[in-house]
Amino acid sequence: MQDQINNLPKLAKDKHKENKTFFTKLKKKPPKQLDYIMQDLHEAEFEKIDCLKCANCCKTTGPLFTDKDIIRIAKHFRMKPQQFTEQFLQLDEENDYVLKSVPCTFLDTDNYCSIYEVRPKACREFPHTDRKKFQQISNLTLKNVAICPAAFNIVEAMKVRIK
């Protein structure tokens, strides 16, 4: 698994142009059953991939925190939302709340999330490969294939299944 994670950025870079062309065509004319196809590909991949053996998303990137996320997680820690924000978050260049540092503060050494039950929406939905109207998040997916082996494999399977 670690070899695959280490090779992922290069693999994603090598496939970037091909993937970008594929997603451009997909945006222009998405198949009628795209949401169902994506759900199938997502479920099939996550039957094979164990996120706890990887956790590359938690090690290399940080999620966006919505106001609801901040309130929910602060409550979990019995903190005021402002305290939680000051201690763990910062505003990025797009004025979104993100972690002050990566790897994620809440990632334990065994790759378990210490706030799993209250984790941010972005974490719950990552890598977003089963979202409705999937074609609308192609730019995000192009980034995620360099981070997540499952996202990479799902995109490769998409290109075979959707001609």
Side-chain angles (χ1 to χ4, degrees), residues 1-73 89-99 102-104 106-107 111 113 115-163:
M1 173 62 91
Q2 194 56 48
D3 285 344
Q4 187 179 10
I5 295 166
N6 293 342
N7 293 328
L8 205 52
K10 183 185 180 331
L11 285 171
K13 186 178 180 189
D14 292 346
K15 296 277 187 174
H16 183 77
K17 188 175 180 184
E18 178 184 314
N19 289 346
K20 196 169 173 104
T21 302
F22 174 78
F23 282 122
T24 300
K25 289 177 184 173
L26 191 68
K27 268 186 177 177
K28 286 181 183 169
K29 194 170 189 258
K32 286 184 177 136
Q33 301 296 315
L34 181 62
D35 289 345
Y36 296 107
I37 292 168
M38 292 311 301
Q39 191 70 43
D40 287 347
L41 294 172
H42 179 89
E43 288 174 7
E45 184 61 27
F46 280 97
E47 285 177 13
K48 297 182 274 186
I49 292 273
D50 180 0
C51 292
L52 290 173
K53 287 191 170 75
C54 178
N56 199 46
C57 52
C58 306
K59 293 172 184 173
T60 62
T61 61
L64 299 180
F65 285 73
T66 65
D67 291 341
K68 285 182 180 180
D69 292 332
I70 293 168
I71 292 166
R72 183 179 61 256
I73 298 167
L89 306 178
Q90 65 186 11
L91 284 172
D92 68 6
E93 58 280 347
E94 292 160 10
N95 238 16
D96 292 316
Y97 279 108
V98 295
L99 290 169
V102 291
C104 179
F106 308 110
L107 181 66
N111 288 344
C113 174
I115 60 166
Y116 188 80
E117 295 303 319
V118 294
R119 70 194 183 279
K121 182 180 185 222
C123 298
R124 280 194 306 273
E125 295 180 352
F126 191 84
H128 313 286
T129 47
D130 60 346
R131 275 196 22 195
K132 293 195 184 323
K133 298 186 180 174
F134 175 80
Q135 72 277 11
Q136 294 177 349
I137 60 160
S138 59
N139 288 342
L140 179 62
T141 303
L142 284 170
K143 291 177 185 171
N144 289 345
V145 297
I147 299 165
C148 176
F152 182 89
N153 294 341
I154 290 166
V155 169
E156 291 304 302
M158 274 178 74
K159 292 186 293 190
V160 170
R161 188 138 165 210
I162 302 169
K163 297 285 181 189

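What you see is a predicted model, and the numbers here were worked out from it, not measured in a lab. Values below: all heavy atoms of this structure, side chains included; hydrogens, waters and symmetry mates excluded.
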Q) What's the verdict on side-chain contact (heavy atoms from CB on, under 4.5 Å) for L89 and V98, showing C-alpha distance, side-chain angles and the deciding distance? A) CA-CA 5 Å; L89 306 178; V98 295; over 6 Å; no

Q.
Run the side-chain contact (heavy atoms from CB on, under 4.5 Å) test on N153 and K48 for me, step by step, so that the C-alpha distance in whole Å, both residues' side-chain angles and the decisive distance to 0.1 Å come before the verdict.
A. CA-CA 11 Å; N153 294 341; K48 297 182 274 186; over 6 Å; no

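- Contact check for P149 versus I5: side-chain heavy atoms found under the 4.5 Å cut-off.
- Within 6.0 Å of atom CG in N6, more than 12 heavy atoms from other residues, nucleotides or ligands are found, so the atom counts as buried in its surroundings.
- Proximity of H42 to I154: side-chain heavy atoms (C-beta onward) are separated by under 4.5 Å at one or more points.
- Here the closest heavy-atom approach between residue V155 and residue V145 is recorded as CG2-CG1, 3.6 Å.
- Separation of atoms CD (E45) and CG (L41) is listed at 9.0 Å; rounding is to 0.5 Å.
- For the atom pair I137 CD1 and E125 CD, the distance stands at 9.0 Å (nearest 0.5 Å).
- Residues P63 and L99 form a side-chain contact, since some pair of their non-hydrogen atoms from C-beta on lies under 4.5 Å apart.
- Between M158 and L26 the shortest side-chain heavy-atom distance falls below 4.5 Å.
- Taking all atoms of both residues into account, the shortest heavy-atom contact from A151 to N144 is CB-O, 3.9 Å.
- Side-chain contact between L142 and F22 is absent, with no heavy atoms from C-beta onward closer than 4.5 Å.
- Considering all non-hydrogen atoms of both residues, R72 and P120 come closest at NH2-CA, 3.7 Å.
- Nearest heavy atom pair, residue V102 against residue G62, reads CG1-N, 3.7 Å.
- With a 6.0 Å radius and a threshold of 12 heavy atoms from other residues, nucleotides or ligands, K59 has its NZ atom above the threshold.
- A donor-acceptor pair is defined here as one N or O able to donate and one able to accept, closer than 3.5 Å; such a pair exists between the side chain of D69 and the backbone of T66.
- With D130 contributing its side chain and M38 its backbone, the two residues share no donor-acceptor pair below 3.5 Å.
- Between F126 and H128, the angle of the ring planes goes over 60°, which puts this pair in the perpendicular group of the 30/60° scheme.
- A cation-pi contact links R119 to Y116, judged by a cut-off of 6.0 Å to the six-membered ring centre and 45° from its axis.
- No side-chain donor-acceptor contact under 3.5 Å links D96 to the backbone of D92.
- Around NZ of K143, the count of heavy atoms belonging to other residues, nucleotides or ligands within 6.0 Å does not exceed 12.
- For the atom pair D3 CG and L8 CG, the distance stands at 12.0 Å (nearest 0.5 Å).
- Atom OH of Y97 is surrounded by 12 or fewer heavy atoms from other residues, nucleotides or ligands within 6.0 Å.
- Distance CD1/I73 to NZ/K68: 13.5 Å, rounded to 0.5 Å.
- Atom CG of residue L11 and atom CD of residue E156 lie 8.5 Å apart, to the nearest 0.5 angstrom.
- Minimum heavy-atom separation, I162 to P31: CG2-CG, 3.8 Å.
- Between the CD1 atom in I115 and the CZ atom in F106 there is a gap of 4.5 Å [rounded to 0.5 Å].
- Checked by atom type, the side-chain pair Q39/D35 shows no donor-acceptor distance below 3.5 Å.
- Pairing each heavy atom of P30 with each of L34, the nearest pair is CB-CD2, 4.1 Å.
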